[in-house]
Each structure stands twice: as C-alpha cells, then as structure tokens.
Amino acid sequence: MSHPDRSNEKENEHGRSASNSKYGARPNSWVEGRFTATYNRTLPHAYLRLCLAKDYMIPGRAKPIFERVFADYRRVRNKTRLKIIDVGCSYGINAALLRTDLGLDDLYAAYLGPRGSLSRRHKAEHRTFFFDQRLRDDIQFVGVDPSFRAVRYALDMGLLEAGITADLETRDLTLNERGALADADILISTGCVGYATAATFARVYEASAGSRPWVVAFARHPFSYDDIAAALRDFSLETRPAERFRQRQSRFSTPTERRAILKAMAELGMEDRLERTTGYIYASCYISAPPGEVL
C-alpha cells in the first residue's frame, strides 16, 4: 500500500552506490497531508484513519488488476505458486487484499468501524482475524519498506513471509536481504513510486533478477515512471504503460494541493482531464517484463 504522501529525493545511478535521498525528504510543493507521524506505529489504525479521510483507494482498485496479471504470469511461466515482492508494503495491505476475499472497504470497516473486528488494539485478536480469513498459500509476499513497525505488524499477522526494513535510496541490500528477494515472480507497488526512486527499484530487482520477475507498478500523478523504466531496461525488461488500468488513487486534500498538482502536470505535459473533472488524483499503471512476455 505504501505511504500516500511521503516524499523522497533523487534517484541514483542504477542503485549501485548510495543516494542522498531518503523517504520523507523531498520538498515537493504539490504534496500535502504528511503521514510521517502515523506511518511507523505498532498498529495501523491512525495511518488507515488518515488514508480513509483522503479516500485513499488505490490498493483496492489495483487488486483485480494484479489478479489479472498474476493469471497471465501463471499462464506464460507455467507456475502455480507465486512469490510477490511488495515495494512500499507498509502494514501489508496489498498482501491482505490479495491473499483473502476482502476488499479495501472491508479492511477500513474492520479496523475503523466502532464494532470492527480489528478495532481493538490487541495483536492476538488481529492474528486470529487473519487466520480465520484462511490466507491463500499459493501467493507468498515479501515486503520492502523503511517503516520497521509497519513491516513487523504485517509479519506478525502472517501476511508477509519476509520483510526488509531499509531505506534503499541510501544503502545496498545485505546478503540476507538479497536472499529474501531471490526467486521472485512479480514485483508490485501501489503507492511508493516517486517517493522511492529508480535507486530502490534497481536494488530490489537486481537481487531478484535471476528469476526475471515482472514488475507491475502504479505511479501517482504527476510522478514520472521514466527513470524506473530506464533502470529496468538495464535488466532487459520492456516497460509498457497500461492506460486501461489507470485508477483513482485518492482525493485532493485541499484546493491548494489540487492547484499545485494540476500546475505540475501541465508543466510536465501530462493529461489532466480526470484530475480536473473528478476531484481525484489518479495513478498510471506500468507493466515491465522480458521481451515477448509483456501482455
């Protein structure tokens, strides 16, 4: 799921030397609603409350698209069990959605509803809830995120098989971390593109490159995916924008944010009709795969 409005600064050369960027450090004038204070807590309630206030919906909107890509991948690679790397996994929301029949609204209600199954702040009850969902075991998730408490929660709930808590904008992966990423099938991301740059994606992909995984990522407007696509091209991947999979990400927080984002999109020459007419910020979908496998 990742952080709806975290910031970082700049991509590194193919991710092989340390970058000066960090999550939360980019001074973008068109980003509002900082979530830093809520993003590294033991439980996800405060974070999800702010997400709901922004009508943050991209994980739910992305679920059927990921499921479609997973089905394509299984057919092309003739595989049943998949290992998924979630870049910007936060509290394991994508894993919770993709390993159960739950929708994002179900999770919001469970965590934030007055009688929600997860509204009480007892981890044992949360573990029971997810155990009762009978999590799919044909999809294994490895999470990558700098928020160690968020990743720990997802691990404790059984949503992730492994978690890497590192700011990969600034350092390389350790040997153990590289081992956790090896043999991956697909890398996904719903909210971190632009906050995590090509440096992070290159480091993650390099560790898993032996299995030539696909990459399916949503980039929030007006962030560009060009640098990440270029980094993936160094691994002989073709990247294609899937325009039909463009999805709403969240509402504009304020008129000031709306004006700033629309101005940035105009300066970048981006199509902004949906942002101008719906009141929502959108995210574009990009799919990267070896030549001949991009569908």
Side-chain angles (χ1 to χ4, degrees), residues 1-7 23-24 31-64 66 84 86-133 135 141 143-160 163 165 188-196 218 220 247-254 257 279-283:
M1 184 170 180
S2 192
H3 199 304
D5 284 314
R6 289 180 305 161
S7 303
Y23 287 89
V31 171
E32 291 191 3
R34 297 293 190 264
F35 281 57
T36 305
T38 67
Y39 193 64
N40 196 27
R41 296 190 181 182
T42 303
L43 295 168
H45 298 86
Y47 169 69
L48 290 174
R49 190 171 294 111
L50 287 176
C51 287
L52 183 59
K54 286 178 64 70
D55 200 10
Y56 187 71
M57 62 177 63
I58 188 63
R61 292 291 188 103
K63 176 178 176 173
F66 287 144
I84 309 299
D86 187 0
V87 183
C89 66
S90 76
Y91 291 92
I93 303 301
N94 283 329
L97 293 174
L98 289 162
R99 296 186 64 195
T100 71
D101 293 329
L102 297 171
L104 185 58
D105 287 344
D106 297 323
L107 288 181
Y108 279 139
Y111 280 106
L112 303 178
R115 294 183 176 83
S117 301
L118 301 171
S119 60
R120 286 161 55 90
R121 297 170 183 262
H122 300 301
K123 274 193 172 182
E125 294 181 5
H126 292 207
R127 281 191 290 268
T128 298
F129 173 86
F130 286 110
F131 178 81
D132 290 343
Q133 299 302 313
L135 296 171
F141 273 82
V144 178
D145 200 287
S147 176
F148 68 92
R149 291 191 179 95
V151 173
R152 172 48 55 189
Y153 176 87
L155 287 166
D156 289 345
M157 297 305 109
L159 299 172
L160 301 180
T165 54
I188 68 169
S189 176
T190 51
C192 78
V193 170
Y195 311 121
F218 286 84
R220 173 185 182 267
Q247 297 293 329
R248 289 182 178 182
Q249 178 142 336
S250 63
R251 288 188 182 277
F252 290 108
S253 296
T254 64
E257 182 185 56
Y280 282 86
I281 306 165
Y282 278 71

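All values reported here derive from a predicted model rather than from experimental measurement.
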Do the side chain of Lys63 and the main chain of Leu104 share a donor and acceptor less than 3.5 angstrom apart? no
Taken in chain and number order and not counting sequence neighbours, the residues that satisfy ring-ring contact (aromatic ring centres under 6.0 Å, His included) with Phe66 are Phe218
Closest heavy-atom pair and its distance - Arg41, Tyr91: O-OH, 2.9 Å
Please enumerate all residues that pass salt bridge (Lys or Arg N to Asp or Glu O under 4.0 Å) together with Arg61, with sequence neighbours excluded. none
Sequence neighbours excluded, which residues qualify as side-chain hydrogen bond (donor to acceptor under 3.5 Å, both in side chains) partners of Tyr153? Tyr111, His126
Can you name the side-chain contact (heavy atoms from CB on, under 4.5 Å) partners of Ala110, sequence neighbours left out? Leu118, Phe129
Using atom types as modelled and distance alone, determine if a side-chain donor or acceptor of Ser189 lies under 3.5 Å from a backbone N or O of Val87. yes
Is there any salt bridge (charged side-chain N to carboxylate O under 4.0 Å, His left out) pair reaching into residues 113-132, and which pairs are they, with sequence neighbours excluded? Arg120-Glu125, Lys123-Asp156
Could you tell me which residues satisfy side-chain contact (heavy atoms from CB on, under 4.5 Å) with Leu155, sequence neighbours excluded, listed by chain and number? Val151, Arg152, Leu160
Cut-off 3.5 Å, side chains only: do Asp145 and Ser90 have a donor facing an acceptor? no
Residues in side-chain hydrogen bond (donor to acceptor under 3.5 Å, both in side chains) contact with His45, at least two apart in sequence or another chain: none
All heavy atoms of Leu135 vs all of Phe130, minimum pair found to be CG-O, 3.7 Å
Given 3.5 Å as the limit, does a donor-acceptor pair link the side chain of Arg99 with the main chain of Leu159, or not? yes
Minimal heavy-atom distance between Gly143 and Cys89, with the atoms involved, is CA-SG, 3.5 Å
